[in-house]
Amino acid sequence: MQKWRRNISLVDANNFYCRCQQIFRPDLERDKKVIVVLSNNDGCVVARSAEAKALGIKMGEPWFKLKEIASKHGIVAFSSNYALYADMSNRLMSILGTFSPIQEVYSIDECFLDLTGFTDIRERAYATRALVSKWTGLVVCVGVGPSKTLAKLANHVAKKHPKSKGVFNFNDLTSTQESNVLGHLEVGDVWGIGRRQSVKLHAMGIETVLQLRDADPASMRAKFGVVMEKTIRELRGEECIGIEEVVPAKQQIVSSRSFGNPVVLIEDLADAITHFVTNAAGKLRAQNSIAGLLQVFIMTDRFREDRPQYNPTVAIPLPVATADSMKIAGYAIQGLQRIFKDGYQYKKAGVILGDIGPEHIIQTDLFAAQEDGSSASIMATMDEINAKYGRGTLKLSNDGARNAWGMRADNKSPHYTTNWDEIATCK
DNA sequence: TCTCCGATTAGAC
DNA sequence: CTAACGGTCTAATCGGAGA
């Protein structure tokens, strides 16, 4: 009897951020311009067009180091425009969701689709590509295999080899063909094998994915931990990592940012911290949770070794778990006052909400006086108004008022798809 | 010695 | 023009403190 093989597919958009920019600037595509998208503060390269990759521009390269090559090759650099990418992502995901009843959105530009039970895998994969391209202009590649790890790897093959025409399926191969393919892939190409593990694996003579697949899971587990064992089993076609259709509630929510310019005043830090709290608590409310722990941190510039460094953190247990921006902001400012020291140039700050649980279980403080000044309804109203009229329409008075710490974004594109006023700028 | 906890590490995008 | 190196998140693991 034939063993039941699952058909897990991983659909991933090519050069997603760059493509989002390119779609609204056909002139750039026509002129074959080299495009890169920069991280917050225009810090480093986080996405590259095919032309940029061909030029040898590396992922994560600091932008200032590329300025010379950039002007030589007429590179077009965009500041990141997350509103645009998130909107394009939503369109992409809803299209992809029509191809399978089981979808896990894994990141902004990729998702797993369980195609087990369908008999026309190839046709579905090509139809997916065609429809996405027609309706959004995005280009996706499809990888299929019996496990998520092999689906990811298949996607890697599909992207790398033009011969595959954007679709690669391990389940279409004989075992000899499969071994042949795996023998030509680097261990570092495997999902879950990063730089460190690659070095360790190479040291023991394991260089190809085939060698890793055929290594002994038990002894590999002893040397590398459980994750490695799962990876090896998945490479053998055993499903160890399940598809997660519902996004689990976050256990920790971080909001932090590097500043466009160094900040020295506590007032400006307080302003930034209030902004971060608003952001983090908003996410907390969006998943119907409350937090019991708040951490506040401020940092100097770690790349400036000539300047004094100071990176304090303070953890503040909240007496009553809450999702109330105003209450949390109050504690956060107290925390800031505790750790702040004059005479440093701060380059980054942030808040972390932890000890997160569902909002209906509220562990109240036995010894605190019963205060009923809950501003929960104010928060709900604020969230509603901000959802309707745009983020930041209503905010806490301190939040962003001084704007001494704002991010640099010199090359931001219009919000083509999310702001009526900016649609006309589409060429 | 065991367990719990926070801190650190490694990986992903 | 200066100067300039991201932000979030999870799971596993480590190491110290207390039971």
Side-chain angles (χ1 to χ4, degrees), chain A residues 10 12-18 36-48 57-68 70 77 79-82 85-86 89 104-112 148-149 152 155-156 187-201 221-231 240-241 244 247-262 276 279-280 283-284 287 293 295 297 299-307 311 313-315 317 345 347-356 407-411:
Chain A
L10 186 272
D12 191 317
N14 298 2
N15 317 324
F16 181 64
Y17 291 175
C18 280
V36 298
V37 173
L38 306 176
S39 65
N40 281 335
N41 274 313
D42 296 342
C44 31
V45 173
V46 291
R48 305 153 294 161
I57 295 172
K58 279 180 287 176
M59 183 71 173
E61 190 89 337
W63 175 233
F64 75 91
K65 287 187 181 173
L66 292 170
K67 283 283 172 69
E68 212 172 298
S79 303
S80 41
N81 184 342
Y82 288 106
Y85 310 147
S89 174
E104 173 187 338
V105 176
Y106 178 69
S107 76
I108 193 160
D109 76 328
E110 64 188 294
C111 77
F112 290 99
K148 283 167 99 173
T149 303
K152 270 239 155 202
N155 187 278
H156 174 82
V187 275
D189 295 336
V190 176
W191 189 35
I193 309 289
R195 277 253 310 283
R196 287 289 174 70
Q197 309 268 53
S198 290
V199 171
K200 270 174 90 177
L201 288 168
R221 178 188 181 137
K223 278 200 197 76
F224 293 88
V226 252
V227 177
M228 183 62 82
E229 183 184 0
K230 280 190 184 175
T231 299
C240 301
I241 307 171
E244 293 183 27
V247 188
K250 304 230 176 305
Q251 302 174 21
Q252 187 183 59
I253 293 172
V254 182
S255 179
S256 77
R257 209 112 302 184
S258 296
F259 303 137
N261 294 299
F276 299 141
N279 184 245
K283 288 184 190 170
L284 191 63
Q287 64 169 35
L293 181 72
Q295 282 168 273
F297 65 89
M299 305 177 70
T300 47
D301 188 344
R302 69 185 191 286
F303 293 102
R304 293 296 303 263
E305 288 167 17
D306 53 318
R307 287 194 192 147
N311 306 304
T313 305
V314 62
Q345 304 201 2
K347 195 67 208 305
K348 180 176 176 175
V351 303
I352 304 171
L353 298 177
D355 202 357
I356 290 176
M407 286 189 295
R408 219 182 328 250
D410 295 334
N411 311 307

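Just so we're on the same page: letters track the sequence lines, and every chain starts at 1. As a basis for the values below, the full set of heavy atoms in this structure was taken, side chains included, without hydrogen atoms, waters or symmetry mates.
Between the CG atom of A:N411 and the C1' atom of C:dA4 there is a distance of 14 Å, rounded to whole Å. Between the C1' atom of C:dG6 and the NZ atom of A:K348 lies a distance of 7 Å, rounded to the nearest Å. Rounded to whole Å, atom C1' of C:dT10 lies 17 Å from atom CG of A:D355. A:W63 places its CH2 atom 15 Å from the C1' atom of C:dA3, with the value rounded to the nearest Å.
Taking the side chain as every heavy atom from C-beta outward, A:L38 and A:V36 approach each other to under 4.5 Å. A:F112 places a side-chain heavy atom less than 4.5 Å from the side chain of A:K152.
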Using the side-chain contact (heavy atoms from CB on, under 4.5 Å) rule, take A:K283 and A:L353 through it: C-alpha gap first, then chi angles, then the decisive distance, then the call. CA-CA 10 Å; A:K283 288 184 190 170; A:L353 298 177; over 6 Å; no
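Of the options A:D301, A:D306, A:T300, a side chain to side chain donor-acceptor pair (under 3.5 Å) to A:R304 is made by A:D306 and by none of the others.
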How does protein contact run along nucleotides 11-16 of chain C, one letter per nucleotide 5' to 3', with B for base contact, S for sugar-phosphate only, - for none, heavy atoms under 4.0 Å? SSS---
Could you run through nucleotides 3-13 of chain B and give me one letter per nucleotide, 5' to 3': B if any protein heavy atom sits under 4.0 Å from the base, S if only the sugar-phosphate is that close, - if neither? -------SSSS
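Among the protein residues, A:L38 comes within range of no part of the nucleic acid, since none of its heavy atoms lies under 4.0 Å from any strand.
Checked against ring pair (Phe, Tyr, Trp, His ring centres under 6.0 Å), A:F16 has no partners two or more places apart in sequence or in another chain. Partners of A:S258 under the side-chain hydrogen bond (donor to acceptor under 3.5 Å, both in side chains) rule, at least two apart in sequence or in another chain, do not exist in this structure. Scanning for side-chain hydrogen bond (donor to acceptor under 3.5 Å, both in side chains) contacts around A:S107 gives A:D109, A:E110, with sequence neighbours left out.
Secondary-structure annotation of DNA chain C gives the stems B:1-13 with C:7-19, with a stem taken as at least 3 successive Watson-Crick or G-U pairs whose two distances both fall under 3.5 Å.
The phosphate of C:dT8 (OP1 or OP2) has a side-chain N or O of A:R257 nearer than 4.0 angstrom.
In this structure, CD1 on A:I193 lies 6.5 Å from OG on A:S198, to the nearest 0.5 angstrom.
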